Structure formats: structure tokens, C-alpha cells
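Being a predicted model, the structure only gives us computed values, none of them experimental.
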Amino acid sequence: MILIWKWFIYLSMPCLFCFAFMQFVFLTLLNLISRSLTKKLILKMGEKVTMTQNPKFKYEDWGPTFMSWNFVKTILGHMWTNVGQEAFVGNNAPDSPVITLDGKITSIYNYLKDNRPLVLSFGSCTCPPFMYKLCEFKQLVKDFGDVADFLVVYVAEAHSTDGWVFANNFDITKHRNQEERLAAAQFLVKEDPLCPIVVDEMKDTTASKYGAIPERLYVLQAGKVVYKGKIGPRGYSPEEVRSFLEKMK
């Protein structure tokens, strides 16, 4: 079954990239004809990923970036990272390495406790939907902390200032070394997600094995993947995790 899923991922990635590239071409050409219609379409897209609901951003901060080469390059990079995923529902969860905020190497399994579910949240500060839904994630921690454990895994920046940049966002460049990634994670520490935070290695090992760039949610239990959310930003849904934990509870 795992082999089938992997082949599905390998075959779907080129199709997804072609779709993203054609979207880029379509929006770029449409913008030459009608800027108002282009804006309307992009706003519709943004509504599905909470960008239009986020009071921190206006359309001019993010909308036009979907017609930039940095959009295409970033999407390709995300897909290339995620193609190595090994986490599938019903199978063993990858015990991949992560780094604690004080620089010590540990692994995902060290946060599993007995038979308690472990909710994994992957993301970065420059990913607006991840930060926008942080309040919902924190509410999960408050409501289910008695029956489940929670862990945030800080991964590569989704919208670094030297990549696919959004205006009025966190001013964080691409991480060049582990120290810079640990420093970037401090911005998230200030938001206090109410649970431990670890960071991925510079090789993005954990993000790759969990297919978690730019953001994703999982629930592990007894070393198994019992819930796998869709890839973000559209698929990042604390509401789904809430429903899943309620059923378990």
C-alpha cells in the first residue's frame, strides 16, 4: 500500500506543478487584459486559504505575487521536498530527527507518550494561514491537553524575504544554517503556541518525510499515523483535528 501511495505522489507532482504553472501563465495574461477580473479571481483563491480574512494583509501585499517567477520557483521547491513523504495513515510514523530550541538533536518519537495521541503541526512564521490559524491550534491545546500531546515543527520559510515574499509579513530570509532556523523559530515562541516547538534539520528531513511544506497537521498514536491532514494552506484545518480528537475522546 505504501508503494502505491508513493507512486501516486510521484505521478501527481508533475501534474500539480503543471497546474500551478498554467495558473501563473493564465493570471499573467489575464492581468494584461483586465486587472479587475484578475484581482477578483485571486481574491477568490485567497478566500479559500484565509488570506482575505486575515486583517494583517491587504490584496496588494500578496495578490500580485501569484504572477511572479518566485511563485513558480517556490511551488516547485515545495513539491520537490514533499515528494519524499513516507507518512501514511495506518502505517508507522517516520521517527525523523528534529532540533530542540536549545540546539539538541532529538526525534519525533521522543514526544510520544504511552498511548496518548500526538498532534503534529508543521509550519513557519512567514506562512500567513499557519499564523492566522494559530489561535485555533492553541484552543485545541487548551481543550484536549488532558488527553493528547501537541508539538509544533518549524520548517523552511514559505514566504521568505528573498523568495516568494509577501509585503507586511515577517522579515525572515531563507535559513542558511541551523542557527538561523532556530532564530526564526523565536518569532513563533513569542506567539506562545502552548506546546513544545522544535525545528527541522537544514536538510528538511522531517518536512520531506511528512510531506509538510508549507504546512500540515498530523495525529500520531503508538507510533502510527492515525490522521493525516491535507497539505496547506488550503488543507491546514485545526477544525478537522478537533473533530478527530472528539471522536477519539
Side-chain angles (χ1 to χ4, degrees), residues 8-83 85 121-137 155-175 184 187-188 191 204 207 211-217 229-240:
F8 174 77
I9 292 169
Y10 294 149
L11 294 174
S12 65
M13 285 301 174
C15 297
L16 291 173
F17 177 72
C18 286
F19 175 80
F21 182 75
M22 291 305 297
Q23 174 185 284
F24 157 75
V25 172
F26 173 74
L27 291 174
T28 301
L29 293 177
L30 182 63
N31 194 52
L32 297 175
I33 301 170
S34 173
R35 291 190 176 184
S36 60
L37 180 56
T38 304
K39 180 178 180 179
K40 183 178 181 180
L41 289 176
I42 294 177
L43 285 173
K44 193 67 176 179
M45 292 163 50
E47 183 180 344
K48 296 178 180 178
V49 296
T50 71
M51 285 304 299
T52 56
Q53 299 96 302
N54 194 329
K56 182 179 178 181
F57 297 93
K58 56 183 183 295
Y59 170 78
E60 289 73 19
D61 294 333
W62 60 275
T65 68
F66 283 85
M67 295 171 282
S68 69
W69 277 110
N70 278 330
F71 160 72
V72 177
K73 290 189 292 185
T74 300
I75 292 298
L76 180 60
H78 290 175
M79 290 180 177
W80 180 255
T81 300
N82 291 339
V83 78
Q85 60 185 284
S121 177
F122 293 84
S124 66
C125 281
T126 58
C127 189
F130 171 76
M131 296 301 290
Y132 180 71
K133 291 189 175 184
L134 185 59
C135 58
E136 295 180 28
F137 177 80
V155 297
E157 300 298 337
H159 298 284
S160 63
T161 53
D162 49 353
W164 180 15
V165 60
F166 285 1
N168 200 34
N169 202 1
F170 286 89
D171 185 7
I172 306 175
T173 58
K174 293 178 182 177
H175 313 142
F187 287 101
L188 183 58
E191 300 295 327
D204 300 322
I213 296 286
E215 56 192 339
R216 198 167 211 159
L217 284 161
K230 297 182 179 67
I231 193 69
R234 185 182 300 186
Y236 186 87
S237 176
E239 299 93 337
E240 279 192 11

> Minimum heavy-atom separation for Ala184 and Ile172, please, with both atom names.
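Heavy atoms only, the tightest pair is CB-CG2, 3.9 Å.
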> Let me confirm one number: the CD1-CG distance from Ile213 to Asp204, rounded to the nearest 0.5 Å.
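So the CD1 of Ile213 and the CG of Asp204 are separated by 5.5 Å.
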> Look up atom CD in Glu157 and atom NZ in Lys174, then write down how far apart they are to the nearest 0.5 Å.
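One gets 11.5 Å once the value is rounded to the nearest 0.5 Å.
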> Minimum heavy-atom separation for Ser124 to Phe130, with atom names?
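Here Ser124 and Phe130 meet closest at O-CD2, 3.3 Å.
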> Might you point out which heavy atoms bring Pro55 and Tyr132 nearest each other, and give the distance in Å?
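Heavy-atom minimum between the residues: CD-CE1, 4.0 Å.
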> I'd like to know whether Leu217 forms a side chain to side chain contact (heavy atoms under 4.5 Å, CB included) with Glu240, so could you lay out the CA-CA distance, the side-chain angles of the two residues, the decisive distance to 0.1 Å, and finally the verdict.
CA-CA 9 Å; Leu217 284 161; Glu240 279 192 11; over 6 Å; no
> Assess whether side chain to side chain contact (heavy atoms under 4.5 Å, CB included) is satisfied between Met45 and Arg234, documenting all intermediate values.
CA-CA 10 Å; Met45 292 163 50; Arg234 185 182 300 186; 5.9 Å; no
> Using the six-membered ring wherever Trp is involved, compare the ring planes of Phe170 and Phe187 and label them parallel, tilted or perpendicular (cut-offs 30° and 60°).
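Aromatic pair Phe170/Phe187 classed perpendicular.
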> May I ask you to decide if the ring planes of Phe21 and Phe24 are parallel, tilted or perpendicular, using 30° and 60° as cut-offs?
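Ring orientation of Phe21 relative to Phe24: tilted.
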> Between Glu215 and Pro233, what is the shortest heavy-atom contact and its length?
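Heavy atoms of Glu215 and Pro233 come nearest at OE2-CA, 2.7 Å.
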> Taking side chain as C-beta onward, heavy atoms only, is His159 less than 4.5 Å from Pro128?
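Yes, at least one pair of side-chain atoms sits under 4.5 Å.
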> Looking only at heavy atoms, which two atoms of Leu188 and Cys125 are closest? And how far apart?
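Scanning both residues, the minimum pair turns out to be N-SG, 3.5 Å.
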> Do the side chains of Trp62 and Thr52 get nearer than 4.5 Å, heavy atoms only?
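Yes, side chains in contact.
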> Checking the side chain of Asn82 only, and the main-chain atoms of Met79 only, is there a donor and an acceptor separated by less than 3.5 Å?
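Flag not set: sc Asn82 to bb Met79 has no pair under 3.5 Å.
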> Ring-plane angle category for Phe57 and Phe166, please: parallel below 30°, perpendicular beyond 60°, tilted otherwise.
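It falls in the perpendicular class, over 60°.
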> How many angstroms lie between CD in Gln23 and CG in Leu30, if you round to the nearest 0.5 Å?
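Here the rounded value is 11.5 Å.
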> Would you say Ser68 and Trp164 are linked by a side-chain donor-acceptor pair, where the criterion is simply a distance under 3.5 Å?
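On atom types as modelled, these side chains do not qualify, holding no pair under 3.5 Å.
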> With side chain to side chain contact (heavy atoms under 4.5 Å, CB included) as the test, would you mind laying out the steps for Asp61 and Lys58 before giving the verdict?
CA-CA 6 Å; Asp61 294 333; Lys58 56 183 183 295; 3.4 Å; yes
> Do the non-hydrogen side-chain atoms of Ile42 and Lys39 ever get within less than 4.5 Å of each other?
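No - every pair of side-chain heavy atoms lies 4.5 Å or more apart.
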> Kindly compute the distance separating CE (Met131) from OG1 (Thr126), expressed to the nearest 0.5 Å.
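It comes to 9.5 Å.
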> Atom OG1 in Thr161, atom CG in Asp171: separation rounded to 0.5 Å?
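Output value for this atom pair is 5.0 Å.
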> If we ignore hydrogens and angles and just use 3.5 Å, is the side chain of Ser34 paired with the main-chain N or O of Leu37 as donor and acceptor?
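Looks like yes, one N/O pair under 3.5 Å.
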> So which heavy atom on Glu239 is nearest to which on Glu136, and how close?
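Result for this residue pair: OE2-OE1, 2.9 Å.
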> Rounded to the nearest 0.5 Å, what's the gap from CE on Met67 to CG on Asn31? Could you check?
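Answer for the CE-CG pair, Met67 versus Asn31, is 4.0 Å.
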> Do Lys40 and Tyr59 form a cation-pi contact, if we require the NZ or CZ to be under 6.0 Å from the six-membered ring centre and within 45 degrees of the ring's axis?
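No, Lys40 does not sit over the ring of Tyr59.
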> Is it the case that the side chains of Tyr236 and Ser121 hold a donor-acceptor pair, with the cut-off being a distance below 3.5 Å and no angle test?
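Short answer, yes.
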> Are more than 12 heavy atoms, taken from residues, nucleotides or ligands other than Lys230, located less than 6.0 Å from that residue's NZ atom?
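No, because the 6.0 Å sphere around NZ of Lys230 holds 12 heavy atoms or fewer from other groups.
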